[in-house]
Amino acid sequence: MNRKIKVLVIDDSAVVRKILSSRLSTYKDIEVVGTAADPFIARNKILQLKPDVLTLDVEMPKMDGLTFLHKLMTYYPIPTIMVSSLTQEGCDTTLKALEIGAIDFVAKPTSRLSSDVGDVIDELYLKIKAASIAKLKARQSLTENTTGYLRENPPYRNCENGHNYTIFKGTQKIVVIGASTGGTEALKEVLTKMPPDAPGIAIVQHMPETFTKAFAERLNSLCAIKVKEGKNGDSLIQGQAILAPGNYHMCLRRSGAMYHIETNQEPAIHHQRPAVDILFNSAAQYAGINAIGVIMTGMGADGAAGLLKMKEAGAKTVAQDEDSCVVFGMPKEAIKLGAADAVVPLQKIPATILSLLKN
């Protein structure tokens, strides 16, 4: 992209508007074309200034951020990055915004995150660049996306009345998944289609602390399997998915026939903690042929080298295709390395995983 990325900053705080606009303007490929204090002002400026990317505060006056975002994605879709507080309400609202169509989010800096404004601006800059080339996806309604599978596949966890709902015979099979930009909706698409007796699943989604717990709880309420934020020592068991906690790497370990996870705060990889490569490398080492690795939408190269190691160790590997990715970065790098056995659209990833497990 030769021209600058035009950004409109929407936030009810004059201080935040000033900080974001002045700091983002220091990047040579960013042009902050304006700011807005509420959605009504923003609406007029969007039509007038035609920005490429919006930053949008989660909590807005006059019209809440979710209502504004829904109207925007319905009538005038623009790639949008949410700027969110770390309160429980802020986490829940941000996850709903991602469902509606926001590309990504950044967390407002707090002492708990041990982050300063500069770190947040650097992160926001990278996400604005990704958003400027991202594909906006039509979102299914929450009911459509989740209840269809559950109606057809009720979450039976036992064999009753002569009906056998067990699909998988091997207790040692595991699935590891890595995702970043666009990954929250992609993960929901995959996990809501996993049957209750699916093998243990370990997931790295690039996401800061606090958000991972809220995201896991949200997925848990939608899925036939159990979904939880990982804690050091958690066992990877049938019918459960473990999400790497924000600000912690998560890796796989094996004791006999059982797998468990370990978490640590070693240096970031690819500027990420958790990093997908950490999880994939450990799956290659400890699971090998018993693992399936899946890399999905996201910017950067995290997970590509790890997926190749998994393939070399005998694991089956899957990459999301370009057309269904919000940002075709991580899968593209894995495909370039020859790390993917299969390249499939998002909607076919669940069936591909289940087929590989049966075989």
Side-chain angles (χ1 to χ4, degrees), residues 88 91-92 94-100 137 139-160 165-168 171 173-180 182-207 210-231 234-246 250 252 259 261 274 276 279 291-297 318 320 324 326 344-358:
Q88 184 62 46
C91 293
D92 292 341
T94 301
L95 293 174
K96 291 175 184 175
L98 293 171
E99 290 178 357
I100 292 169
K137 301 292 182 181
R139 305 293 181 179
Q140 291 178 305
S141 70
L142 190 62
T143 302
E144 246 185 300
N145 196 42
T146 59
T147 60
Y149 171 76
L150 295 177
R151 273 200 305 271
E152 296 169 14
N153 302 272
Y156 297 115
R157 297 189 179 271
N158 302 300
C159 298
E160 298 182 33
Y165 292 96
T166 302
I167 296 174
F168 312 111
T171 58
K173 298 293 182 182
I174 63 163
V175 179
V176 291
I177 303 175
S180 185
T184 54
E185 287 301 288
L187 284 168
K188 187 174 74 173
E189 173 76 17
V190 172
L191 295 182
T192 54
K193 290 181 172 62
M194 288 293 106
D197 57 354
I201 302 172
I203 304 162
V204 167
Q205 161 71 44
H206 294 161
M207 184 176 278
T210 304
F211 282 91
T212 46
K213 184 174 187 296
F215 182 46
E217 289 173 349
R218 191 165 189 81
L219 289 173
N220 188 57
S221 70
L222 302 174
C223 296
I225 60 173
K226 180 180 179 182
V227 184
K228 69 185 294 287
E229 182 187 50
K231 293 182 180 178
D234 279 347
S235 295
L236 203 59
I237 59 175
Q238 189 178 41
Q240 178 172 277
I242 294 178
L243 180 69
M250 185 173 78
L252 194 69
Y259 297 98
I261 63 156
V276 180
L279 175 62
I292 293 173
V294 183
I295 191 163
M296 302 201 299
T297 177
V318 181
Q320 185 177 346
S324 65
V326 174
V344 298
L346 174 61
Q347 63 269 26
K348 291 187 178 181
I349 289 178
T352 302
I353 292 172
L354 297 178
S355 175
L356 291 172
L357 287 166
K358 287 180 183 178

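Note that this is a predicted model, so its numbers are computed, not measured. Quick note: residue numbers are just sequence positions, from 1.
Residues V204 and A244 come closest through the heavy atom pair CG2-CB, 3.9 Å. Of all heavy-atom pairs spanning P345 and S324, the tightest one is CA-OG, 3.6 Å. Listed here is the closest heavy atom pair of M194 and A224: O-CB, 3.9 Å.
The side-chain contact (heavy atoms from CB on, under 4.5 Å) check on A202 picks up V176, L236, M250, L279, with sequence neighbours excluded. Under the side-chain contact (heavy atoms from CB on, under 4.5 Å) criterion, K228 pairs with K226, D234, Q240, I242, not counting sequence neighbours. In this structure, the side chain to side chain donor-acceptor pair (under 3.5 Å) partners of T94, at least two apart in sequence or on a different chain, are S84. In this view, A241 and I201, I203, I225, V227 satisfy the side-chain contact (heavy atoms from CB on, under 4.5 Å) rule, not counting sequence neighbours. For T184, there are no side chain to side chain donor-acceptor pair (under 3.5 Å) partners two or more places apart in sequence or in a different chain.
Taken from CD in E189 to CG in L346, the straight-line distance is 4.5 Å, to the nearest 0.5 Å. Between the NZ atom in K96 and the SG atom in C91 there is a gap of 12.0 Å [rounded to 0.5 Å]. Considering NZ of K358 and NZ of K173, their distance stands at 14.5 Å, rounded to 0.5 Å. The distance from atom CD of Q238 to atom CD1 of I174, rounded to the nearest 0.5 Å, is 13.5 Å. To the nearest 0.5 Å, atoms CG (L356) and CD1 (I292) are separated by 4.5 Å. Of the inter-residue distances, the one linking E229 atom CD with T210 atom OG1 reads 8.5 Å to the nearest 0.5 angstrom.
Between the side chains of Q320 and T297, no donor-acceptor pair is found at a separation under 3.5 Å.
At least one side-chain heavy atom of I353 sits under 4.5 Å from a side-chain heavy atom of V175. The side-chain heavy atoms of V276 and Q205, taken from C-beta on, include no pair separated by under 4.5 Å. Looking only at side-chain heavy atoms (C-beta outward), L354 and P195 come within less than 4.5 Å of each other.
Using a cut-off of 4.0 Å between Lys/Arg side-chain N and Asp/Glu carboxylate O, E99 and R218 are scored as salt-bridged.
Remark: side-chain polar atoms of S355 are not paired, donor with acceptor, to backbone N or O of A351 under 3.5 angstrom.
The side-chain contact (heavy atoms from CB on, under 4.5 Å) test with V294 is passed by exactly one of V344, L187, I177: I177.
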